[in-house]
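Have a look at the structure below before the remarks.
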Amino acid sequence: MKVILAQPRGFCAGVVRAIDIVERALATCDAPVYVRHEIVHNRHVVDGLKARGARFVEELDEIPGDAVAIFSAHGVSRAVESEAADRKLRVIDATCPLVTKVHNQGQRYASLGRTVLFIGHAGHPEVEGTLGRITGTVHLVESREDVLGLPIPDDTPVAYITQTTLSVDDTRQTIEAIQKRFSDVIGPETRDICYATQNRQTAVRNLCRHIDVLLVVGSANSSNSNRLREIGEELGIPSYLVADGRQVDPAWLVGKETIGITAGASAPDVLVDDVVGALAKLGPVEIQALQGVEEKITFRLPRELLEAS
Ligand code: SF4
């Protein structure tokens with residue numbers, strides 16, 4: 001069996017920064033460290049940080065007043081921020097700078113008096129955070145149909161923004177529908193929204209030209225991992241999302257010679273190794289990595305943590 005690894009795959013700079021923030025907080029803060037929501041959407045990462053002392057909660061009211069509260073990489077609404085300030089929690093914000101960039105874009109468009117159309121998936125923490133940061137009129141749209149059904153006149157000045165981890169192609173279709181329906185539209189270049197999403201999607205497209213089956217390593221609630229699997233399916237390759245090697249079903253591989261592996265932006269390399277290990281138990285494997293973009297982007301840590309450590 002031949003195994004081809006996508007390049008790039010796995011951790012992005014926003015995820016590395018968020019995990020680093022929790023690790024440094026655990027090492028330098030004398031108070032208990034609480035994290036609101038999964039810091040990144042990966043159970044293995046969350047369990048590892050839990051084992052080192054981090055406590056994960058869903059809402060701020062579960063955090064005692066003397067504790068450190070870390071906001072996850074997905075960002076939070078202004079209401080959550082205000083609640084933390086009212087309760088005088090010591091907050092460390094691990095929101096990815098690229099998510100913050102989308103918040104700022106949305107607020108800028110709303111301040112120009114435009115109706116903001118936010119392309120994203122309802123219920124995702126990033127979407128809830130972004131919706132709760134824009135003062136003005138915002139509509140969440142998930143598809144072309146949602147755009148057609150918007151209860152606003154076609155000459156409304158609108159601006160679109162998008163969730164960072166969507167499929168660039170899906171987003172393009174929704175943007176085309178917005179541009180077709182409305183006469184006054186502005187928005188950012190979608191390829192600039194998140195370099196990691198763009199690079200992993202380009203890499204999986206390249207990978208799919210060489211493989212019979214695609215395995216995407218990532219958690220079921222990871223938006224960008226799900227998009228990678230969907231791209232494989234759209235390209236006609238049987239594609240499966242697996243959290244680790246235990247979830248690989250040998251039946252998927254019957255009669256297949258070349259297996260492609262990629263990983264979502266929140267999946268660590270150790271889980272890719274685990275999946276390769278599971279394949280190796282089924283028979284000899286020859287491993288190869290595809291050529292791809294080499295990422296050198298890093299994001300600065302919050303100043304208080306840099307100073308403390
Ligand atoms: Fe930031 Fe993009 Fe990573 Fe999301 S996928 S954490 S937006 S770098």
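All figures in this text were calculated on a predicted structure; none of them were measured in a lab. Each ligand, and each atom within it, is numbered from 1 in the order the structure gives.
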Leu271 with Leu282, same ILVMFWY side-chain cluster at under 4.5 Å: yes

Glu142 (side chain) donor-acceptor with Ala122 (main chain) under 3.5 angstrom: yes

More than 12 heavy atoms of other groups within 6.0 Å of Glu294 CD: no

Between [X] and [Y], does at least one N-O distance fall below 4.0 Å, as a salt bridge requires?
{"X": "Arg229", "Y": "Glu233", "result": "yes"}
{"X": "Glu62", "Y": "Arg36", "result": "no"}
{"X": "Asp184", "Y": "Arg114", "result": "yes"}

In the protein, N/O/S atoms that are found under 2.8 Å from atom 2 (Fe) of ligand 1, waters not counted: Cys194 SG

